[in-house]
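Both backbone and side-chain heavy atoms feed into the values below; hydrogens, waters and symmetry mates do not.
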Amino acid sequence: MLPLLMLQGRRTRARTPRLPEAPGARHGVLVGAAPGAPLRVLGLGESPVAGVGVARQEQAITAQFARALARRTGRAVQWRACGRNGATVRDALAQLLPQVPPEPVDVLLVAFGVNDTVAFRPVGAWQRDVLALLEHLRARCQPRLVLLSGVPPMREFPALPRPLRWVLGLKAAALDRGLAALAREHAWLYHVPLVLDSRNDAALAAEDGYHPSAKGCEVWADLLAAAYMGVK
């Protein structure tokens, strides 16, 4: 199947619109009614964290997660997003880690997987990359809670043709199982499965059929916020 998969991959890249990273500030503060200092949220990840697929940064996953937290907790939330389109976890060590301010945060959201899936990163190497990044982040910003967003279910991506969709879906699921295993091995990590069925709800996908839309990020953010409320 390899020649067919390679052909489908080239055709998909050629046909899929190249969406930019959304404009706007990658940090902000949401006012809350409850007393106390703001919850400090840091999002680190690939294209959805960078705002690909949405019109403005406040529609991207980190800002939407902050909004969902503010709604559920009533607290003010101070958020910052450090993302890069096309980044793998290994890329993040060199390119995104230097962007992270060396200051404590309450919630660290880590969201990778699509680019490592496309690169067919072996599960063991993926786990080592993730753990190395997390250890650096733990030393740099002492997060009170680390949420590992599940690897996006690539079997649901409308832009991908069959059988490429099936193969990448299987690989994404394998990486996600590796991520869940890391969370079971390290008590300071919490894995949050990502369930976005954009084949049955087209509004969850951006116009390229590859990235989450603003609505998709809103659904994703609610999943993350619910997980936070369960483990905080």
[Y] reachable from [X] in the ILVMFWY side-chain graph, under 4.5 Å edges:
X	Y	answer
L39	L42	no
M229	V41	yes
V167	V118	yes
V77	F65	yes
L189	Y228	no

Would you say that more than 12 heavy atoms from the other residues, nucleotides or ligands in this model lie under 6.0 Å from the [atom1] of [X], or not?
X	atom1	result
E207	CD	no
R72	CZ	yes
R75	CZ	yes

If we ignore hydrogens and angles and just use 3.5 Å, is the side chain of [X] paired with the main-chain N or O of [Y] as donor and acceptor?
X	Y	answer
K171	R121	yes
D106	R144	no
R67	A221	no
Q78	P38	no
Q95	A87	no
Q64	A214	yes
S213	L204	yes

CZ-CG distance between R128 and L182, expressed to the nearest 0.5 angstrom
11.0 Å
At what distance, to the nearest 0.5 angstrom, does CG of N85 lie from CZ of R18?
6.5 Å
Tell me, do [X] and [Y] make a side-chain contact under 4.5 Å, heavy atoms counted?
X	Y	value
D176	H191	yes
T16	F157	no
F112	L44	yes
L134	H186	no
T88	D129	no
W126	R90	no
L137	L97	yes
R71	D222	yes

Does a salt bridge link R26 with E21, judged by any charged N lying under 4.0 Å from a carboxylate O?
yes
Which heavy atom of [X] sits nearest to which heavy atom of [Y], and what is that distance?
X	Y	value
P143	R138	CD-CA, 3.8 Å
R84	A50	N-CB, 3.8 Å
L19	A206	CD1-CB, 4.0 Å
P153	L196	CG-O, 3.9 Å
L133	L93	CA-CD2, 3.6 Å
C217	I61	O-CD1, 3.6 Å

For L147 and V110, run side chain to side chain contact (heavy atoms under 4.5 Å, CB included): C-alpha distance rounded to whole Å, both residues' side-chain angles, the deciding distance at 0.1 Å, then the answer.
CA-CA 6 Å; L147 295 180; V110 179; over 6 Å; no
After noting the C-alpha distance and the side-chain angles of S149 and W220, does the key distance pass the side chain to side chain contact (heavy atoms under 4.5 Å, CB included) rule?
CA-CA 9 Å; S149 177; W220 184 5; 2.9 Å; yes
Working for side chain to side chain contact (heavy atoms under 4.5 Å, CB included), residues L109 and W79:
CA-CA 11 Å; L109 168 63; W79 63 273; over 6 Å; no
With side chain to side chain contact (heavy atoms under 4.5 Å, CB included) as the criterion, how do L160 and Y210 come out once you've worked through the C-alpha distance, each side chain's angles and the decisive distance to 0.1 Å?
CA-CA 8 Å; L160 298 176; Y210 197 82; 4.1 Å; yes
